[in-house]
Amino acid sequence: MALIAAHYTIGTVATLVVPASDHNQQVTFHNHEHSSNHDIYINGPGVTVNNGIHLPNTETIQLNIAAGDAVWAISDTTGNALHILISRL
């Protein structure tokens, strides 16, 4: 099992944060922002602030991502810190 950590700065343009893999992936997402109203939204390649999973500031969630799927992130503000830990299963 390989662990991959990554840090991203998320803004108003969708950013690829979990590339597709040949393996299933367990991914921990942490919105590292400590200011109010610095929310991040995650989904597939067409992510928007209207269709993404809402990740409020300082929130951490874990998702299982199927082989071949990728995750993108976006925000309605700029300069948001997103930390990710990927475990390939």
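- A search for ring-ring contact (aromatic ring centres under 6.0 Å, His included) contacts involving F29 returns nothing, not counting sequence neighbours.
- With W72 as the partner, the side-chain contact (heavy atoms from CB on, under 4.5 Å) test is satisfied by one option alone out of I10, V47, I42, N43: V47.
- Expressed to the nearest 0.5 Å, how far CG of L82 lies from CD1 of I74 amounts to 13.0 Å.
- Side-chain N or O atoms of N57 include none that pairs as donor or acceptor with a backbone N or O of H34 at under 3.5 Å.
- Side-chain contact check for H38 and N80: at least one donor-acceptor pair (N or O, by modelled atom type) lies under 3.5 Å.
- No continuous path of hydrophobic side-chain contacts links V17 to L85 [ILVMFWY only; heavy atoms under 4.5 Å].
- Not one N or O on the side chain of D76 forms a donor-acceptor pair closer than 3.5 Å with the backbone of V49.
- The backbone N or O of H23 sits less than 3.5 Å from a side-chain atom of S21, completing a donor-acceptor pair.
- With rounding to the nearest 0.5 angstrom, the CG atom of L55 is 6.0 Å from the CD1 atom of I40.
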Result block: side-chain N/O donor-acceptor pairs under 3.5 angstrom for residues 58-69, not counting sequence neighbours:
residue: T60; atom: OG1; partner: H30; partner atom: ND1; Å: 2.6
residue: Q62; atom: NE2; partner: T28; partner atom: OG1; Å: 3.0

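- Interatomic distance, CD1 of I86 versus CD of Q26, reported as 11.5 Å (0.5 Å rounding).
- Residues T12 and T78 come closest through the heavy atom pair CG2-CG2, 4.3 Å.
- The cluster map of Ile, Leu, Val, Met, Phe, Trp and Tyr, joined by side-chain heavy atoms under 4.5 Å apart, puts I4 and L16 in different clusters.
- A donor-acceptor contact closer than 3.5 angstrom links the side chains of D39 and H54.
- Contact check for Q25 versus S87: no side-chain heavy atoms found under the 4.5 Å cut-off.
- Across all their heavy atoms, A70 and A20 have their closest contact at CB-N, 3.8 Å.
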